[in-house]
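Before any comments, here is the structure.
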Amino acid sequence: MRQAVATIDNTAAAADTSHTELGPTGRPRSEFAEPAPLKGHGPARVIALCNQKGGVGKTTTTISVGAALAAYGRKVLCVDFDPQGALSAGLGVATHDDLTIYDLLLSSKTDAHDAIKSTNVEGLDVIPANIDLSAAEVHLVGEVAREQILARVLRSVSSDYDVVLIDCQPSLGLLTVNALTAAHGVLIPLECEFFALRGVALLIETIEKVKDRLNPALQLDGIVATMFDARTLHSREVLDRVVEAFGDDVLETVIGRTVKFPDASVAGVPITEFAPEHNAAKAYRQLARELVARGAVA
């Protein structure tokens, strides 16, 4: 009789599992609770958004996660660390004739607070960049402790924020190494496309080298799949391979492909403000909640 009862219980458990809704990553779909308000602000946890391949959604993710976290009461500073200045433009911030991150890197006497610009999103600030930043690597190559210059810049403003998000340029040069040296964690936006997948191993290797030689506290906060199209076999296969290779390092939240992103960029506002009810905006709010749940953000 006991054996029969056990068999029934096991069958019921299996039935429950079979009815569990799976997310795009093939794992049970989780609902992340809205984070509780903070009692105070700072010091900030610094997160570098890196991928040496361009066009994978680094800037969009930086802007959207930053805006979502700000909506949850976090004080957020986004650092535009790409000479293309896409993050600055995406937040509607002018970069001509104003202090930029380039000026802060080259002069230790320049106050970082003077370069911070407020945005249209409450609680979200930005240190802008422009094409001048492309010359930074040439100027910094002869500097003492050149890999730690950005860390010095951010140290002076860290206490004012809960999180600092660094939008890195698509390369693994000195600027990206500076970002990794200044960061506590790394978030890797990964386009669900085969050629984007190929470079992840090299990026992980670079992160490990920086951790070993320059920043022992550095850790991988996660890999977030972007530009996912569930209708295509290719997207699904790439996502399956990423989960197979990196396991729980792959965040459960997956960002779909949509034309709303370029529309929001043209408008100079985050997707969470431009189209708050769109699935993409909801996905980035979930990503923000997941990062809080994982402890990557306070």
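Worth knowing before you read on, the calculation uses all heavy atoms, side chains too, and leaves out hydrogens, waters and symmetry mates.
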Practice task
Report yes if some heavy atom in the side chain of T258 is under 4.5 Å from a heavy atom in the side chain of N279; otherwise report no.
Solution key: no

Fill in the blank from the handout: For I149, the other hydrophobic cluster members (4.5 Å side-chain criterion, sorted by chain and number) are V46, L77, V79, F81, I101, Y102, L104, L105, L106, I116, I127, L133, L140, L150, V153, L154, V157, Y161, V164, I166, L174, L175

Exercise for the section: Could you tell me the separation between the OG1 atom of T206 and the CG atom of L172, rounded to the nearest 0.5 Å? Expected result: 4.5 Å

Exercise for the section: Determine the minimum heavy-atom distance between F261 and G256, stating which atoms define it. Expected result: CE1-O, 3.6 Å

Problem - Note: E137-R146 ion pair, threshold 4.0 Å (strictly below) - result: no

Problem - Under-4.0 Å salt bridge between K209 and E205 - result: yes

Practice task
Answer yes if Y72 and V292 sit in the same cluster of Ile, Leu, Val, Met, Phe, Trp and Tyr residues linked by side chain heavy atoms under 4.5 Å apart, and no otherwise.
Solution key: no

Problem - D248, CG atom: more than 12 neighbouring heavy atoms under 6.0 Å - result: no

Handout entry: C78 side chain reached by I63 side chain, heavy atoms, under 4.5 Å
Key = no

Handout entry: Flag for T110-D103: side-chain donor and acceptor within less than 3.5 Å
Key = no

Fill in the blank from the handout: One should read off an interatomic distance between L124 CG and L165 CG, to the nearest 0.5 angstrom, of 8.5 Å

Problem - Over 12 non-hydrogen atoms of neighbours within 6.0 angstrom of CD in Q219 - result: yes

Practice task
Determine whether more than 12 heavy atoms belonging to other residues, nucleotides or ligands lie under 6.0 Å from atom CG of N120.
Solution key: no

Handout entry: Within 6.0 Å of CD in Q84, more than 12 heavy atoms from elsewhere
Key = no

Problem - Pair D82 + K58: basic N to acidic O under 4.0 Å - result: no

Practice task
Using a strict cut-off of less than 4.0 Å between a Lys/Arg side-chain nitrogen and an Asp/Glu carboxylate oxygen, indicate whether R45 and D221 qualify as a salt bridge.
Solution key: yes

Problem - side chain to side chain donor-acceptor pair (under 3.5 Å) against S134, all qualifying residues, sequence neighbours excluded - result: none

Practice task
Indicate yes or no: at least one non-hydrogen side-chain atom of L22 is less than 4.5 angstrom from one of P28.
Solution key: yes

Practice task
Measure the CZ-SG distance between R236 and C192 for me, rounded to the nearest 0.5 Å.
Solution key: 11.5 Å

Handout entry: Nearest non-hydrogen partners of H278 and A280, listed with the distance
Key = ND1-N, 3.0 Å

Practice task
Give, for atom OG1 of T226 and atom CG of L190, the distance between the pair rounded to the nearest 0.5 Å.
Solution key: 6.5 Å

Exercise for the section: Give a yes or no on whether the backbone of F228 and the side-chain of S235 come within a donor-acceptor separation of less than 3.5 Å. Expected result: no

Exercise for the section: Determine whether E193 and M227 make a side-chain contact, defined as any pair of heavy atoms from C-beta on separated by less than 4.5 Å. Expected result: no

Problem - From CA spacing to verdict: side-chain hydrogen bond (donor to acceptor under 3.5 Å, both in side chains), T181, E147 - result: CA-CA 7 Å; T181 305; E147 299 92 354; over 6 Å; no

Handout entry: Pairwise distance CG(L220) to CG(D249) - rounded to 0.5 angstrom
Key = 4.5 Å

Exercise for the section: Determine the sole option in K282, R285, Q286 for which the side-chain hydrogen bond (donor to acceptor under 3.5 Å, both in side chains) test with T253 is passed. Expected result: Q286

Practice task
Consider only side-chain heavy atoms of I, L, V, M, F, W and Y, link residues closer than 4.5 Å, and tell whether I204 and V238 are in one cluster.
Solution key: yes

Problem - Neighbour count above 12 (heavy atom, 6.0 Å) for R27 CZ - result: yes

